[in-house]
Amino acid sequence: MKKLKFYLRIYFKILSQDIKSRMSYRSDFIISMIGMVFTNVVEIAAFYITFLNFPSVCGWTYYEMLFLYGFSLIALTPMQCLFENNWNLSRNVHRGDFIKYCFRPINIFFYYFSEIFDIKGLGQLAIGIGTLIFAWNKLQLPVSLIIILELLIALIVASLFFIGIMNFTAAVSFFLVNTGFLIGTMSKFRDYAKYPVTIFSKGFRFIFTFIIPIAFIAYYPSLVIMRPNEIPVLTWLAPVFGVVFFYLSYKFWMLGARKYSGTGT
């Protein structure tokens, strides 16, 4: 408990400094926030236009797809806000800047990610919550304390999967040179998380479930709420898989960090 309080105290001190520095460039922050909101609004509009011509896609209605979209936005927010520094790992390792994290008497993983909090991710969260509530109402899904708890667990599990995917991808930078493009490429796959995995071919279903598990970012967890009578085994196993997957990504990241010895210059 003392160790947890110690890390929380350090985290909030670092967080406050990062937010202060970012807010000193308010125009940049506002433009970035507007850009993120606009991007998501355009994607929602694209959904709407698609369903003007098709009543459903592989058995999925407009509001069900909208539910998945909102769910995925909320699930992606922890990665956006708390683990944004993964995007800088390749550059920090390549330039030798990562060495500064190796001399602090605290966990390297914690220190590295506590350095940056992407506050504009909160805009994404707001859109995700609004979209989810709207779709929930249109689908006339029931609301109870148990269902809300199930939703929170499902969102946490979904977040663990995406964070784990990005941790694994970013950590490759410790072992190979110039891998910055990898995390950008992998990030593109999150767009597929907004769709039910059943609309893809069998080959892609396997890839998106067992190799790059983006199906666990929205599809499998959200079935608990949206289609409780059609829950596959993988949905029930998702919490265990999510925790294990995140833990393995953490161990892989830490393995790379321990092997890091600077640029040698």
Side-chain angles (χ1 to χ4, degrees), residues 1-19 21-22 74-122 124-125 153 155-187 189-190 212-214 216-217 238-264:
M1 185 61 70
K2 288 183 179 180
K3 195 170 185 179
L4 176 61
K5 290 181 179 179
F6 170 74
Y7 275 102
L8 285 175
R9 186 170 66 253
I10 291 177
Y11 178 76
F12 285 114
K13 285 183 178 180
I14 297 175
L15 174 64
S16 63
Q17 294 303 314
D18 179 58
I19 292 177
S21 65
R22 286 175 179 269
I74 299 172
L76 295 173
T77 297
M79 172 64 205
Q80 178 77 34
C81 292
L82 304 175
F83 292 84
E84 179 71 5
N85 220 12
N86 258 330
W87 287 89
N88 302 319
L89 186 60
S90 177
R91 182 175 68 251
N92 288 333
V93 170
H94 185 63
R95 294 180 178 179
D97 297 335
F98 186 81
I99 197 68
K100 73 174 184 178
Y101 301 99
C102 303
F103 298 111
R104 298 290 189 274
I106 56 176
N107 183 278
I108 297 177
F109 185 84
F110 166 82
Y111 180 37
Y112 183 75
F113 288 108
S114 64
E115 192 176 51
I116 290 180
F117 180 89
D118 190 0
I119 195 171
K120 64 179 182 289
L122 298 178
Q124 173 179 283
L125 176 64
I153 292 172
L155 286 169
I156 292 171
V157 169
S159 295
L160 288 176
F161 272 104
F162 187 56
I163 294 169
I165 290 171
M166 301 307 279
N167 284 346
F168 270 120
T169 306
V172 174
S173 303
F174 291 118
F175 305 96
L176 301 175
V177 180
N178 292 332
T179 58
F181 71 94
L182 284 178
I183 195 165
T185 302
M186 192 60 66
S187 180
F189 280 100
R190 69 181 178 181
I212 307 174
I214 62 169
F216 287 95
I217 296 175
V240 176
F241 287 168
V243 172
V244 172
F245 188 72
F246 173 80
Y247 178 73
L248 291 176
S249 75
Y250 164 75
K251 297 297 287 185
F252 182 67
W253 198 99
M254 289 296 290
L255 175 65
R258 285 193 294 269
K259 289 183 175 295
Y260 179 75
S261 57
T263 60

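Since the structure is predicted, the reported quantities are computational estimates derived from the model, not experimental observations.
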Note to self: Test side chain to side chain contact (heavy atoms under 4.5 Å, CB included) on Ile99 and Tyr260; report intermediate values, then the result.
What the structure shows: CA-CA 8 Å; Ile99 197 68; Tyr260 179 75; 4.0 Å; yes
Next item on the list: Test Leu89 against Phe174 for side chain to side chain contact (heavy atoms under 4.5 Å, CB included), laying out the working first.
Entry: CA-CA 9 Å; Leu89 186 60; Phe174 291 118; 3.8 Å; yes
Item checked: Candidate pair Phe168 and Met186, rule side chain to side chain contact (heavy atoms under 4.5 Å, CB included), full reasoning -> CA-CA 10 Å; Phe168 270 120; Met186 192 60 66; over 6 Å; no
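A donor-acceptor contact shorter than 3.5 Å is absent between the side chain of Ser187 and the backbone of Ile183. The main-chain N or O of Phe98 is never found under 3.5 Å from a side-chain atom of Tyr112 such that the two would form a donor-acceptor pair.
Atoms CD1 and CZ, from Ile214 and Phe162 in turn, are 9.5 Å apart once rounded to the nearest 0.5 Å. How far CH2 of Trp87 is from OG1 of Thr169: 10.0 Å, rounded to the nearest 0.5 Å. The distance from atom CD of Glu115 to atom NZ of Lys100, rounded to the nearest 0.5 Å, is 4.0 Å. Expressed to the nearest 0.5 Å, how far CE of Met79 lies from OG1 of Thr77 amounts to 11.5 Å. One distance of note links CZ of Phe189 with CD1 of Ile212; it measures 4.0 Å at 0.5 Å rounding. Atom CG of Asp118 and atom CG of Leu82 lie 10.0 Å apart (nearest 0.5 Å).
When every heavy atom of Ser114 is checked against every heavy atom of Tyr11, the shortest pair comes out as CB-CD1, 3.4 Å. Residues Ser249 and Asn167 approach most closely at OG-ND2, 3.3 Å, considering heavy atoms. The two residues Asn88 and Asn85 come nearest to each other via the heavy atoms ND2-OD1, 2.8 Å. Nearest approach of Ala75 to Ile217, heavy atoms of both residues: CB-O, 3.7 Å. Residues Ile163 and Pro78 come closest through the heavy atom pair CD1-CB, 4.2 Å. For the pair Ala238 and Phe161, the tightest heavy-atom approach, listed with the atom from each and the gap, is O-CE1, 3.6 Å.
Between Phe113 and Trp253, a ring centre-to-centre spacing shorter than 6.0 Å is recorded. Checked against a 6.0 Å centroid threshold, the rings of Phe175 and Phe252 count as neighbours.
Using modelled atom types, one finds a donor on one side chain and an acceptor on the other under 3.5 Å when comparing Tyr250 with Asn107.
Each of Phe109, Tyr111, Phe110 was compared with Tyr7 under the ring-ring contact (aromatic ring centres under 6.0 Å, His included) criterion, and only Phe110 meets it.
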